[in-house]
Colleague: 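Below are the structure tokens for one structure; questions will follow.
What you see below is based on every heavy atom in this structure, not just the backbone, and it leaves out hydrogens, waters and symmetry mates.
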Amino acid sequence: MSVINFKEANCRNCYKCIRYCPVKAIKVNNEQAEILDYLCIACGRCLNVCPQNAKTVRSDIEKVKAFIKKVIKLFLQ
């Protein structure tokens with residue numbers, strides 16, 4: 001379950017994310033950067049240095065809000 005992902009169409013092989021990753025959790029495969037989930041510490045440095053905005057952060061905020069509403073509704077019954 002990855003938190004940070006790459007948008008392949010935006011990756012331009014500048015290798016900045018690879019150079020700035022403190023745990024070397026990014027590799028290039030078929031001319032596209034890939035995050036190695038088992039090494040990634042989700043520090044976000046790759047997000048900050050990417051000039052192409054080729055990364056996205058997964059957000060489960062809407063799922064959490066829906067779950068909280070459901071739980072509150074159950075307790076109020």
Side-chain angles (χ1 to χ4, degrees):
M1 176 177 9
S2 58
V3 175
I4 301 172
N5 295 301
F6 285 100
K7 293 183 250 175
E8 289 184 15
N10 291 359
C11 185
R12 299 288 181 245
N13 296 320
C14 70
Y15 303 103
K16 279 189 175 184
C17 56
I18 293 171
R19 288 193 303 270
Y20 283 88
C21 181
V23 294
K24 305 303 177 209
I26 302 172
K27 69 174 186 171
V28 174
N29 187 17
N30 293 327
E31 299 184 1
Q32 293 294 308
E34 288 183 8
I35 295 176
L36 305 172
D37 291 334
Y38 63 94
L39 292 176
C40 181
I41 59 172
C43 67
R45 287 187 186 179
C46 59
L47 293 168
N48 293 330
V49 300
C50 181
Q52 304 298 327
N53 287 326
K55 283 137 210 95
T56 59
V57 178
R58 193 185 91 216
S59 176
D60 291 332
I61 291 174
E62 293 307 316
K63 288 181 184 179
V64 172
K65 286 180 181 179
F67 178 75
I68 290 170
K69 278 185 181 180
K70 188 176 181 181
V71 169
I72 290 172
K73 192 175 182 179
L74 287 173
F75 280 118
L76 294 178
Q77 288 181 354

Colleague: Please report the interatomic distance CD1(Ile26) to SG(Cys40), rounded to the nearest 0.5 Å.
Modeller: 7.5 Å

Colleague: Measure the CD-NZ distance between Gln32 and Lys27 for me, rounded to the nearest 0.5 Å.
Modeller: 13.0 Å

Colleague: Are Ile35 and Ile41 connected in the hydrophobic side-chain network, where two residues link if heavy atoms are under 4.5 Å apart?
Modeller: no

Colleague: Going by the rule side chain to side chain donor-acceptor pair (under 3.5 Å), which residues pair with Asn29 if we only count those two or more places apart in sequence or in a different chain?
Modeller: Glu34

Colleague: Give a yes or no on whether Leu74 atom CG has more than 12 heavy-atom contacts from other residues, nucleotides or ligands under 6.0 Å away.
Modeller: yes

Colleague: Nearest heavy-atom pair of Gln77 and Lys73: which atoms, and what distance?
Modeller: CG-O, 3.2 Å

Colleague: Taking all non-hydrogen atoms of both residues into account, name the closest pair between Arg19 and Lys24 and its distance.
Modeller: O-NZ, 3.7 Å

Colleague: Going by heavy atoms in the side chains, are Cys14 and Gln52 under 4.5 Å from each other?
Modeller: no

